[in-house]
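Counting from 1, the numbers follow the sequence of the chain as shown. What you see below is based on every heavy atom in this structure, not just the backbone, and it leaves out hydrogens, waters and symmetry mates.
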Amino acid sequence: MARAFAKISFTPDVQAVQTEMGSRTAYRAAELGETEEALLGDAEQTFIAERDSFYQATVSQTGWPYVQHRGGPVGFLKVLDERTIGYADFSGNRQYISVGNLRGDGRVSLLLMDYPKRRRLKIWGRARAVDERSDPELLVKLELPDFRAPVERGIVIRVEAFDWNCPKYITPRYSQREVEALLEQARRQPVTADKPIPRALGTGALPLTISGIRQLTPRIRAYELRHAHGEPLPDYRAGAHLRVPIELPDGSVTSRAYSLTDAPDDAECYRIAVLRLDDGEGGSSALHAGWRLGTRLNVDAPDNYFPLHDDDRLALLIAGGIGITPIKAMAEALAARGADFQLHYTGRAPQEMAFVKELQRRFADRCRFYFSQVQSPTRLDVSALLASVSADAVIYVCGPTRLIDAVRQTAHRLGIADERVQSESFV
């Protein structure tokens, strides 16, 4: 969450309600410091360019808000630069309520929705109208040559703040164009006979069924696991792992432990994410090849060798590669209880790292990302990071051995007590 958003939105009345409801401490940090310049990054610009509608709120002379739906072809809302967006205002019912409101007060709030993917972007800005007389060159940039509706004016918005909203309670909906694309994709799928579901794996007392599979990156898949008989699942705490059975190509069964990736707030579903290691011992490759929807697993209840502290001390979360799995669950758990934390996530490139966009969307003000194999690489400076945290912060690190060693050695050199550094190793 950016400071620009917090300073616009968290008015004294909002702060009072946050205090009453117990969330004030978690949000107060977002207001501290100088307000940054709100610059639309690649993710925001791409999201805006893909929209075919949005909702816009203006303020009337009497103080009443007015919300209007704006629609057009995909891309009719244009990004003019990192701080400016705009759209062509087509002729409509000729009430001119939004345009009239803008004459007295240029402040607007936009809500951009992606219903199929359950994403939303909120934008605050100051809008002005342009026409052929006031700025013909700018109006040309907003026009859509293949759209026949008459353009009366252009609306140009200077972005003051933006914020990604969480996907909770967004009901997936699909436009006619999206439905037709899905149907066409389904028609092109070859018809094959269903393969028989393999025998249940494992000997644990907890029967699970794979109910969902999602490809997060080219080599990382997320798996949803539910009770085979629809019963509630055993509780766990952030940092916990699940040991699961895997059938190897020779028919033998081995097991691997994978961290639960979500905060423990869903009694009906466990979620893990598995990186396929083509040069490893074969467990992850066999899991990717053998696990599919409906696969039955008999496992033991989750265990936890990497527990999260319960008090109000700052949590410094450090993840490398697939080590993000327990760290993500910790971040969600800390946010849910209003605790303070920082998350630092390092890897090769965004497209190879799980949950990057989700973390950016949910915890933009608390996350920093480091990419070592991109055009302009950034690297995590462990020494500078550990030297800057508060004296009682608890440090959690999960990832490759070299990252854990770097954190532990640096902490020892800085005089940080061993019990304040918790780690779990991932390849």
Residue from Arg237, Arg362, Arg271 passing salt bridge (Lys or Arg N to Asp or Glu O under 4.0 Å) with Glu332
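Exactly one option meets the salt bridge (Lys or Arg N to Asp or Glu O under 4.0 Å) with Glu332, and it is Arg362.
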
Please work out whether the ring planes of [X] and [Y] are parallel, tilted or perpendicular, with thresholds of 30° and 60°.
X      : Y      : result
Tyr87  : Phe54  : perpendicular
Phe369 : Phe371 : parallel
Tyr236 : Tyr270 : perpendicular

Heavy atoms of other groups near [X] [atom1], more than 12 under 6.0 Å:
X      : atom1 : value
Arg107 : CZ    : no
Gln351 : CD    : yes
Asp303 : CG    : yes
Lys122 : NZ    : yes
Glu184 : CD    : yes
Asp311 : CG    : yes

Could you tell me whether [X] and [Y] make a salt bridge, using a distance below 4.0 angstrom between a side-chain N and a carboxylate O?
X      : Y      : result
Glu152 : Arg94  : yes
Lys141 : Glu143 : no
Arg153 : Asp131 : no
Lys328 : Glu358 : yes
Arg219 : Glu352 : no

Who are the side chain to side chain donor-acceptor pair (under 3.5 Å) partners of Tyr66, not counting sequence neighbours?
none

Does any part of the side chain of [Y], heavy atoms only, come nearer than 4.5 Å to the side chain of [X], both counted from C-beta?
X      : Y      : value
Leu242 : Tyr258 : no
Pro245 : Val299 : yes
Tyr370 : His344 : yes
Pro172 : Tyr115 : no
Val356 : Ile324 : no
Leu316 : Val394 : no
Ile318 : Ile327 : no
Arg337 : Asp310 : yes

Please evaluate residues Val14 and Thr11 with respect to the criterion side-chain contact (heavy atoms from CB on, under 4.5 Å), reporting the C-alpha separation (whole Å), side-chain torsions for both, the decisive distance (0.1 Å), and the verdict.
CA-CA 5 Å; Val14 172; Thr11 63; 3.3 Å; yes

For the residue pair [X] and [Y], what are the closest heavy atoms and their distance?
X      : Y      : answer
Val108 : Ala127 : CG1-CB, 3.9 Å
Val74  : Ala49  : CG1-O, 3.7 Å
Ile272 : Ser259 : CG2-O, 3.6 Å
Arg70  : Gln68  : NH1-OE1, 2.9 Å
Arg133 : Pro136 : O-CD, 4.3 Å
Asn304 : Gly239 : OD1-O, 3.2 Å

In Å and rounded to the nearest 0.5 Å, what is the [atom1] to [atom2] distance from [X] to [Y]?
X      : Y      : atom1 : atom2 : answer
Leu334 : Leu308 : CG    : CG    : 4.5 Å
Ile123 : Leu110 : CD1   : CG    : 5.5 Å
Asp163 : Phe5   : CG    : CZ    : 4.5 Å
Arg120 : Arg361 : CZ    : CZ    : 10.0 Å
Ile395 : Leu317 : CD1   : CG    : 10.5 Å
Lys78  : Gln45  : NZ    : CD    : 13.5 Å

Residues pairing under ring pair (Phe, Tyr, Trp, His ring centres under 6.0 Å) where one sits in residues 401-421, two or more places apart or in two chains, turn out to be none

One pair to check against side chain to side chain donor-acceptor pair (under 3.5 Å): Ser383 and Arg413. What are the steps and the verdict?
CA-CA 9 Å; Ser383 296; Arg413 178 171 53 81; 2.9 Å; yes

Checking side-chain contact (heavy atoms from CB on, under 4.5 Å) for the pair Leu380/Leu385: CA distance, chi angles, key distance, verdict?
CA-CA 8 Å; Leu380 172 63; Leu385 178 60; 3.8 Å; yes

I would like to know whether Arg83 and Leu39 meet side-chain contact (heavy atoms from CB on, under 4.5 Å); could you show each step before the answer?
CA-CA 5 Å; Arg83 285 208 59 181; Leu39 301 178; 3.4 Å; yes

Applying side-chain contact (heavy atoms from CB on, under 4.5 Å), name anything that partners Ser372, two or more places apart in sequence or on another chain.
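So Ser372 forms a side-chain contact (heavy atoms from CB on, under 4.5 Å) with Arg348, Arg379.
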
Go through the structure and list residues passing side-chain contact (heavy atoms from CB on, under 4.5 Å) with Pro12, not counting sequence neighbours.
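With neighbours one apart ignored, the set is empty.
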
Between [X] and [Y], do the side chains contain an N or O donor and an N or O acceptor separated by less than 3.5 Å?
X      : Y      : answer
Arg187 : Gln185 : no
Asp392 : Ser390 : yes
Thr209 : Arg226 : no
Gln215 : Arg221 : yes

Taking only residues at least two apart or on different chains, which pairs with a member in residues 41-66 satisfy salt bridge (charged side-chain N to carboxylate O under 4.0 Å, His left out)?
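Sorted result for residues 41-66: Arg51-Asp114, Asp52-Arg177.
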
Applying salt bridge (charged side-chain N to carboxylate O under 4.0 Å, His left out), which residue pairs with at least one partner in residues 396-410 are found, sequence neighbours left out?
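Found none.
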
Between the side chain of Thr325 and the main-chain N/O of Ile322, is any donor-acceptor distance below 3.5 Å?
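Checking the backbone N and O of Ile322 against the side chain of Thr325, a donor-acceptor pair under 3.5 Å is found.
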
Begin from the C-alpha positions of Thr84 and Ile157 and carry the test side-chain contact (heavy atoms from CB on, under 4.5 Å) through to its verdict.
CA-CA 6 Å; Thr84 313; Ile157 301 168; over 6 Å; no

Tyr305 ring center near His241 ring center (under 6.0 Å):
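Centroid distance Tyr305-His241: below 6.0 Å, so yes.
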
Would you please indicate yes or no on a ring centroid separation below 6.0 angstrom for Phe162 and Trp124?
no

Would you please test Arg276 and Ser285 for side chain to side chain donor-acceptor pair (under 3.5 Å) and show each step?
CA-CA 5 Å; Arg276 188 189 75 246; Ser285 296; 5.0 Å; no

